[in-house]
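I'd like to ask some things about the structure below.
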Amino acid sequence: MSARILDGRAVASRLWRDLSDRVADLRERSGAAPRLAIVRFDDRGPSAVYAGSVARAARSVGVEPHEVTPPSGVSLTDLAGRIGALNRDPSVAGIVIAQPLPAHLDPSTVVALIDPAKDVDGATPLNAGRIARGERTFVPATALAVMAILRNYEVQIAGRRAVVVGRSAVVGRPVAALLVAADATVVICHRRTRNLAREVRRAEILVVAAGSPGLVRAEMVNRSAVVIDCGINTTPDGIVGDVDFGSVRPVVAAITPVPGGVGPVTTMMLLEQTVDAAERQAAEFEPALDRYALPAASESIRPPAAR
Ligand code: ADP
């Protein structure tokens, strides 16, 4: 028997419909599309490719992308000014910074400049801390995509043994924290893990984010495993994940393909969090509208003392 395919494109298209509706509502209420600022530093490389694909996806749900392209030699002070302006701009709902940054800029210093309330890719240290504490906040989109796929396919998490391969700040660590928050028992593996195969074989839920093509092979997994592959590796054979799909698929319960698994859902998670941010910002804006604008349109205008 072959594994159930966890189809990221199908999940993404369902999310796309929900998001498009929510953006349409927001536009109706505020008269403007929510904007997502995308800060990027090159015209051609991976940061531009990422920015381009996020911008296209944003437009497709009605979110307006706002690409900000500082010169690659920009100083930290100058960049802080530019990001500060985005933080203060009420028309900007969310901010993402496309990686990689130019070598002279420290990524964690730069992402810390984002207002945590607009940090729709969960990149700031404040939001990382909240995630580690099990609090509700913005989460790195890939980590959230893993949870969205599990949820969509109604995979039971509570009480189950989850193994995460990889401990990066953008995927492994936050995924592990989210799984713990969902009551899984979690093991995190990394480069220094002594016997990766032994750990991986015990996984009921296996999340792989190691950036290493074909790292997980058939003999390492067990039959009941649900496998979520976050890897995106460019090889002579095309884009492949960290799991050897061809050999693993026949022996596990369920698996995400690459491409067409975690990737498309990740983009939707970034947009979903952008729409969350926009709705929250709109809600904070509303009470003043209620107080000053709406009573004027109603029949009686009560004096402040009567309130
Ligand atoms: P990603 O962006 O997918 O999280 P990174 O390159 O930032 O990828 O991180 C790779 C992570 O995967 C690291 O935590 C590293 O320890 C882990 N890793 C890489 N190769 C192996 C391996 N062969 N076995 C176990 N863990 C690995």
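Computed from a predicted model, the values in this text were never measured in an experiment. Sequential numbering from 1 along the given sequence is applied to the chain's residues. Atom set for the values below is all heavy atoms of this structure, side chains included, hydrogens, waters and symmetry mates excluded. All ligand and atom numbering here is 1-based and tracks the order in the structure.
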Query - Inter- and intrachain pairs under salt bridge (charged side-chain N to carboxylate O under 4.0 Å, His left out), touching residues 119-134, at least two apart - result: R133-E135
Report summary line: Closest to atom 27 (C) of ligand 1 by heavy-atom distance, out of R191, Q99, R167, is R191
Query - ligand 1 atoms in contact with L196 (distance to a heavy atom under 4.0 Å) - result: 24 (N)
Report summary line: A student checking ligand 1 against G166 at a 4.0 Å heavy-atom cut-off should list atoms 11 (C), 12 (O), 14 (O), 17 (C)
Query raised in the report: Is there a side chain to side chain contact (heavy atoms under 4.5 Å, CB included) between L270 and V120 once you walk through the steps?
Result: CA-CA 6 Å; L270 178 65; V120 294; 4.0 Å; yes
Query raised in the report: Does the K118 side chain pair with the main chain of L86, one donor and one acceptor, at a distance under 3.5 Å?
Result: yes
Query raised in the report: For atom 8 (O) of ligand 1, which of A209, P174, A143 has the closest heavy atom?
Result: A209
Requested in this report: Check whether more than 12 heavy atoms from other residues, nucleotides or ligands sit under 6.0 Å from atom CD1 of I232, and answer yes or no.
Outcome: no
Query raised in the report: For atom 26 (N) of ligand 1, what is the nearest protein heavy atom, given as residue, atom name and distance?
Result: H190 C, 3.1 Å
Tabulate below the donor-acceptor pairs under 3.5 Å that side-chain atoms of residues 46-54 make, not counting sequence neighbours, or state none.
unit_1, atom_1, unit_2, atom_2, d
S47, OG, F41, N, 3.4
S47, OG, D42, OD1, 3.3
S53, OG, Y50, O, 3.3

Query raised in the report: Looking only at atom types and distance, does a side-chain atom of R161 sit under 3.5 Å from a main-chain N or O of E204, one as donor and one as acceptor?
Result: no
Query raised in the report: How far is atom 6 (O) of ligand 1 from its nearest protein heavy atom, and which residue and atom is that?
Result: A210 O, 4.3 Å
Query raised in the report: Do we see a donor-acceptor contact under 3.5 Å between the side chains of D89 and S91?
Result: yes
Report summary line: Quick note on ligand 1: atoms under 4.0 Å from a heavy atom of S168 include exactly 1 (P), 4 (O), 7 (O), 9 (O), 14 (O)
Report summary line: Quick note on ligand 1: atoms under 4.0 Å from a heavy atom of V171 include exactly 4 (O)
Query raised in the report: Between T193 and ligand 1, which residue portion shows a heavy-atom distance shorter than 4.0 Å: side chain, backbone, both, or neither?
Result: neither
Report summary line: for atom 23 (N) of ligand 1, nearest protein heavy atom and its distance come out as L215 CD1, 3.3 Å
